[in-house]
Peer 1: 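Handing you this structure, nothing more for now.
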Amino acid sequence: MCGIVGYIGSRQAAEICLSGLRRLEYRGYDSAGVAVIRDGQLQVRKVVGKLANLTAALRESPLPGTTGIGHTRWATHGKPSVTNSHPHLSCDGRIAVVHNGIIENYGELRNQLEAEGHQFRSVTDTEVMPHLVEKYYQGDLREAVRRAILDLEGAFAFGVICADEPEQLIAARRFSPLVVGIGEGENYIASDMGAIRPETDQVYVIGDDELALITPDDIELTDLELNPIDRQVFTIPWPPEAAQKSGHKYFMHKEIHEQAEAMHACLAGRLSNPDEPIILEGLGMSEQDIRNLQKVVFTACGTAFHAGMVGQFIMESLAQVPAQVDLAAEFQVKDPVVLDNTLAVIISQSGETADSLLALRDLKGKGARIASVLNVVDSSIARESDGVVYIQAGPEIGVASTKAYTLQVLTLELLALHFAEVRQSAPPEQIRALKAALLAVPDQVAELLRREPEVKQVAARYYEMDDALYLGRGINLPSAMEGALKLKEISYIHAEGYSAGEMKHGPIALVDPELFTVAIAVNGQVYEKMTGNIQEIKAREGPVIGVANDGDEVIAQQCNDVLWVPSCPELISPITVAIPLQLLAYHMADMRGEDIDQPRNLAKTVTVE
Ligand code: GLU
């Protein structure tokens, strides 16, 4: 999931790479490095650990030069160390490469290259690339990169520079994301647009098996046969400050607080009035297509999978279409039966999630129509989908996804209601009430965000505990799983998300005074059962934090603490329930002194399988 960045122009390349890497650090922070060309020589600085270490190293001994590439690493092959850090160099030290992805046939290539006399320094898969480029280099860097790529299997986005051609930066990709930023008398490359947004809002999104030859004044895009590609310039739709913390301690905190406004943006133009039909531009399905649907398959990873669970529930409940939800990584190792008229909904914040992209290809190959629910525009998944509904969350940089989750759920609610309207599968008054409730959700979320001090007080009572159980049922089972995931990924507290109905089949054995339970008991069909489960936990001296609707005296009496949420129809409640659970996880992690935006071992956009 590494982040790559590159610059060519007349300013100091190392500084620009460093500033781009700061916005890419969510992709990995095992090590960082830059290579810069100066006076016909390549100079490299690499450090283990976070980018701050590279910043310090460059402050101590700067690397002047106006052509450079940089990298922040999430190690796949070889432990985090200076030698395994990127940029990697050719034997003669004249070619430097940064890489995001995995070169699958690196073992075989390495053996061949070693037999031909190349000397490797690291144990990474990446290092075969500078040696291959060196092998093919005869005074034309792009040609050497092209030849090298033809030998590779796997996934990559590369930035390559060569001391013999200081006015050139070569970029290429297969599967891993890459954009080229367009400046005046200067150009950039980056793993995502956010990294270079402060410098430019004009980019080319590079496609699979495409090459870019970049000079300060020109960008030439070609395929691997060197046929020119006429790509449209993409204008980044958000302002430069969108990728800054704006006074918040962490991106995660900023993003939690952006949710109400983002929900207004997500609803705008799609649902403005409960009496008007929902409009989902980009979905690309006629009413007949929607009526003909036989099945909907939701596929996603991590947090987006939890949104998919909500999607599956509401799709069946409202649109009356058989629906399933699968983890993308599991999907690929199954041999699923895809019926005629199957719609696959791929959910991904970045649109680059490797497992989800592979699942998409598999489903498409089996004849499914693909509609994706994405945040980042013009991503790989977007380009391979038949239709895309964007969640309109704006850039999400915090590794722990927050606003993307609630906006994914909101978008899936719109999708299910749209299908229900077209299929006439739910009573019109129910659809109308749900639409009215969805329109009220942004203000309810704003109110929940104002209650942050109360959530913080609850967090203060539990943050020193090491184990947690999150229980929910029905449409709030995914809320429990997502709440537990949020807590474990940033606080490292062991947390399990379970169906409350499963409690007696195992997890209740964990209950004791040292484990706290978060029980989601909002109004709805499972409310009574949840209160029963809370009693069972209390009877075993387990402390319980309830999540309940404002004014619920029963829950107030049963639980040690309550996180209050305004009432709304149960089918919509996963959105409101998510807010206090995000804040609870955030404050517990903060109280434990963890680095919330850079949790250990994690990176945000999982672009490797
Ligand atoms: N495979 C490369 C390495 O381990 C790049 C990893 C990645 O992109 O996540 O250094």
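Numbering of ligands and ligand atoms starts at 1, following listing order.
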Peer 1: If hydrogens are left out, which of Asn84, Thr76, Asn100, Ile102 has an atom nearest to atom 4 (O) of ligand 1, that is, the closest non-hydrogen atom?
Peer 2: Thr76
Peer 1: Enumerate the atoms of ligand 1 whose separation from the nearest heavy atom of Trp74 is less than 4.0 angstrom.
Peer 2: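 Per the distance check, 6 (C), 7 (C), 9 (O).
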Peer 1: With side chain to side chain donor-acceptor pair (under 3.5 Å) as the test, would you mind laying out the steps for Glu482 and Thr303 before giving the verdict?
Peer 2: CA-CA 6 Å; Glu482 174 58 13; Thr303 287; 3.0 Å; yes
Peer 1: Do any nitrogen or oxygen atoms of Thr124 lie less than 3.5 angstrom from nitrogen or oxygen atoms of ligand 1?
Peer 2: no
Peer 1: Does Arg147 pair with Asp151 as a salt bridge, N-O distance under 4.0 Å?
Peer 2: no
Peer 1: Ring centres under 6.0 Å, that's the criterion: do Phe120 and His131 meet it?
Peer 2: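 Close enough - the centres of the two rings lie under 6.0 Å apart.
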Peer 1: For ligand 1, which atoms, with element, lie under 4.0 Å from some heavy atom of Gly101?
Peer 2: 1 (N), 2 (C), 5 (C), 6 (C), 7 (C), 8 (O)
Peer 1: Checking the N or O distance criterion of under 3.5 Å, is ligand 1 in contact with Ala75?
Peer 2: no
Peer 1: Quick one: list whatever passes side-chain hydrogen bond (donor to acceptor under 3.5 Å, both in side chains) with Glu258, sequence neighbours left out.
Peer 2: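 side-chain hydrogen bond (donor to acceptor under 3.5 Å, both in side chains) check on Glu258 returns Lys254, Lys403.
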Peer 1: Of all the atoms in ligand 1, which lie at a distance below 4.0 Å from a heavy atom belonging to Asp125?
Peer 2: 1 (N), 2 (C), 3 (C), 4 (O)
Peer 1: Under 4.0 Å between a side-chain nitrogen and a carboxylate oxygen: does that hold for Glu114 and Arg110?
Peer 2: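 Looking at Glu114 and Arg110, the cut-off is met.
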Peer 1: With a 4.0 Å cut-off on heavy atoms, does Gly78 reach ligand 1?
Peer 2: no
Peer 1: Less than 3.5 Å apart, which donor and acceptor atoms pair up between the side chains of residues 58-66 and the rest of the protein, not counting sequence neighbours?
Peer 2:
residue : atom : partner : partner atom : Å
Ser61   : OG   : Arg45   : NE           : 3.3
Ser61   : OG   : Arg45   : NH2          : 2.6
Thr66   : OG1  : Gly9    : O            : 3.4

Peer 1: Is His77 close to ligand 1, meaning an N/O of one under 3.5 Å from an N/O of the other?
Peer 2: yes
